[in-house]
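Everything on this sheet refers to the single structure shown next.
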Amino acid sequence: MRLKLSLRVRFSAAVLFVAVLLSAGFYYAVDRAIELIEFEVQEQALSREVDAIHRQVTGAVSPVSSRTRVFIVQSDADLENVPPPLHELRPGARREFKLDGRRYIGTRRDIGETRVLVAQDIEEIELLEHRLVNLATVLISIALLIAAVVGLLLARAVIKPVTRLAQAVTSLSPEHPGARIGSSGGDPEIDRIAEAFDRFLDRLDTFVTRERAFTDQASHELRTPVAIIDSASELLKRSPNLDPQSLERVARIQRAAAQMHSLIEALLFLARADGGSKSEPIELGAVLQDACDGYRQLLTGRDLTLTCETPAAVTVMAPRGMLLCVINNLVGNAISHTQQGEVSVRLDAQCFVVQDSGPGIAEQDLPRIFEMGFRGCQSRGSGLGLHIVHRICEQLNWRIEVASGQSTGARFTVWFGPSEL
C-alpha cells in the first residue's frame, strides 16, 4: 500500500534529506581529515624519534620525547622486555597497541644486526580525535535540527498560498453561482491554478444553468400530458355507458398516469439541489393502503396475493411524489418478480417492509442492485428503479436495506423514523 503524505510533509522531508546528505558528507570529510592529520603527526614524530635513536645507537640511547619508549633488540633474550605486539613487527611497519592502559603506536628499524623498536604514546592524540569527532557530531545534530525547523517554516511559507487556494475553493457553493477565486496577489503559479479553476467554474455555471432550465422545462412539459391523461380518464370513468371491463382499463390508465407523475417528481427531485419539491406531512399507512389497493387489480387471474398491514400510525415529512415513487417501485418490483405466493407490505413505527416469496436476488448481485443500469440475472427492468429509490432515500436521510434468500424471496426495508409535528 502506497504511503500518502501531504505536500508539506514531503517538502520538509526533502529539505531534511538534503541536510542529512550534506551532514553525512561533512562528517565523513571531517573524520578523514582528522585521520590524515593524526597519521601525519604520528609519522613525523616517529620518524624524528627513529632518526635520533639511529644516530645514538652506538652510544646511550635516549628518546627525544618523554612519551616515547625505545627497545633495542640484539638477541632473543632482549625480547623479554619488549611488548608482545612488537615481537613480529616487520621493518618500517607500524602497529597500534595498548600498554599499561594507554594507546601506543610502534615501528621498527633495523641497523645492521640491531633491531630498534620505538613505541610512542598517542593517548592524548586519540582523546583529541574523539573530542573533535564528538564536537562534529554535536554540530551536525544541531545543523540537522536547524534544517528540520527551517524546512517546516519553508514548507509553511510555500504551502500557505496553496492552503488559501484550497480554502477559497472549499467556500464555493453551487447555490451561489458567479463566485470566483480571483488572483492571490503575488503568486504567479497559484494565480494560474486559480485562473484554471475560474474558467472551469464559468463552464460549470453555464452547464448548471442549462441543466436547471432543461429540468424546469421538461418537468412542465411532461406534467402537462400526464395531467391531461389523468383528467380525461377521470371524465371517461364517469361515463354511464362503460362496462366493468372498460372501467378496469380506465382505472389502469389512471394508475399508470399516477405512477408517471410520481416518477417525474422523483427525477426532478434528484436533478435539483433543492429537491424541486417541498416536504409535507403524510400519513404513511393510508398511502401504503392506497398503493396496494391499486396493485391488487393487476393480480386478477394470478396465484398471488398482496397483503398490507399498517397497525402503526406513522406520519412522515417528505414530498408526496418521492414517497409514492419509493412505494410504487418496491411494490411493483415485488409483484413483477413473484409468479405465485404472496407479497406483503408491513408498516412499523420506524420503517416499512416489502417482502415477496419470489426467487430472491442472487448473492453476487446484492451489493450492486442499487447501481444505475445494473440488471441482475432475475431482473426484468431497466436497472433504473432501485437506483432512483436509493437516491431518494439518501436525499431524505432515510436508509434502505435489502435481504434475500432462495426460500424466503427478497425483503426491502426502508428506515425513516417518525417525524414529530
Seminar exercise, completed: Tightest non-hydrogen contact, residues Val314 and Glu283, listed as O-OE2, 3.3 Å
Problem set entry | For Phe370, ring-ring contact (aromatic ring centres under 6.0 Å, His included) partners two or more places apart | His390
Seminar exercise, completed: On a heavy-atom basis, the closest approach of Phe71 and Pro83 is CZ-CD, 3.5 Å
Contacts under 3.5 angstrom, residues 137-154 side chains, donor-acceptor by atom type, not counting sequence neighbours:
{"from": "Thr137", "atom 1": "OG1", "to": "Val133", "atom 2": "O", "distance (Å)": "2.9"}
{"from": "Ser141", "atom 1": "OG", "to": "Thr137", "atom 2": "O", "distance (Å)": "2.9"}

For this session: For the residue pair Tyr104 and Glu96, establish whether any side-chain heavy-atom pair is separated by less than 4.5 Å.
Result: no
Problem set entry | Arg368: side-chain hydrogen bond (donor to acceptor under 3.5 Å, both in side chains) partners, not counting sequence neighbours | Glu371
Exercise. Looking at CZ of Arg411 and CD1 of Ile361, how far apart are the two atoms once the value is rounded to the nearest 0.5 Å?
Worked result: 11.0 Å
Exercise. Distance from Leu204 atom CG to Arg199 atom CZ, nearest 0.5 Å?
Worked result: 14.5 Å
Problem set entry | Partners passing salt bridge (charged side-chain N to carboxylate O under 4.0 Å, His left out) against Arg102 (at least two apart in sequence or in another chain) | Asp121
Problem set entry | Qualifying residues under side chain to side chain contact (heavy atoms under 4.5 Å, CB included), relative to Leu288, sequence neighbours excluded | Leu284, Cys308, Thr310, Ile327, Val345, Leu347, Phe352
For this session: Kindly say whether Ala410 contributes a backbone atom to a donor-acceptor pair with the side chain of Asp356 at under 3.5 angstrom?
Result: yes
For this session: Could you walk me through whether Asp110 and Arg108 pass salt bridge (Lys or Arg N to Asp or Glu O under 4.0 Å), step by step?
Result: CA-CA 7 Å; Asp110 292 349; Arg108 169 183 170 181; 3.0 Å; yes
Problem set entry | Listed once per pair and sorted, the salt bridge (charged side-chain N to carboxylate O under 4.0 Å, His left out) pairs that draw on residues 330-347, sequence neighbours left out | Arg346-Asp348
Seminar exercise, completed: CZ of Arg296 to CD1 of Ile335, rounded to nearest 0.5 Å, is 9.0 Å
For this session: Can you see which heavy atom on Leu396 is nearest to which on Ala318, and at what distance?
Result: CD1-CB, 4.2 Å
Exercise. At their closest point, which heavy atom of Val287 faces which heavy atom of Ile282, and how far apart are they?
Worked result: CG2-CG2, 3.4 Å
Problem set entry | Contact check, side chains of Cys325 and Val389, non-hydrogen atoms, under 4.5 Å | no
For this session: State, yes or no, whether a side-chain contact exists between Phe412 and Ile369 at a heavy-atom distance under 4.5 Å.
Result: yes
Problem set entry | pair Ser357-Val343: side-chain heavy atoms closer than 4.5 Å | no
Exercise. Are Leu330 and Val414 close enough, and set up right, to give a side-chain contact (heavy atoms from CB on, under 4.5 Å), and what steps lead you there?
Worked result: CA-CA 10 Å; Leu330 294 181; Val414 177; 3.7 Å; yes
Exercise. If you take all heavy atoms of Arg95 and Pro85, which pair is closest and at what distance?
Worked result: NH1-O, 2.6 Å
Problem set entry | Reported NE2-to-CZ distance for the pair His87 and Arg115, which is rounded to 0.5 angstrom | 9.0 Å
Exercise. Could you go step by step and tell me if Trp415 and Glu401 meet the side-chain contact (heavy atoms from CB on, under 4.5 Å) rule?
Worked result: CA-CA 8 Å; Trp415 298 88; Glu401 296 177 351; 3.3 Å; yes
Exercise. Taking Ser239 for the side chain and Leu236 for the main chain, is one N or O donor matched with an acceptor at less than 3.5 Å?
Worked result: no
Problem set entry | Straight-line distance of Ile400 CD1 to Leu386 CG, nearest 0.5 Å | 7.0 Å
Problem set entry | Nearest heavy atoms of Asn329 and Gly385, plus distance in Å | OD1-CA, 3.3 Å
Problem set entry | Check: Asn328 side chain, Leu324 main-chain N or O, donor-acceptor pair, under 3.5 Å | yes
Problem set entry | Spacing of Arg249 atom CZ and Ile253 atom CD1 [to the nearest 0.5 Å] | 9.5 Å
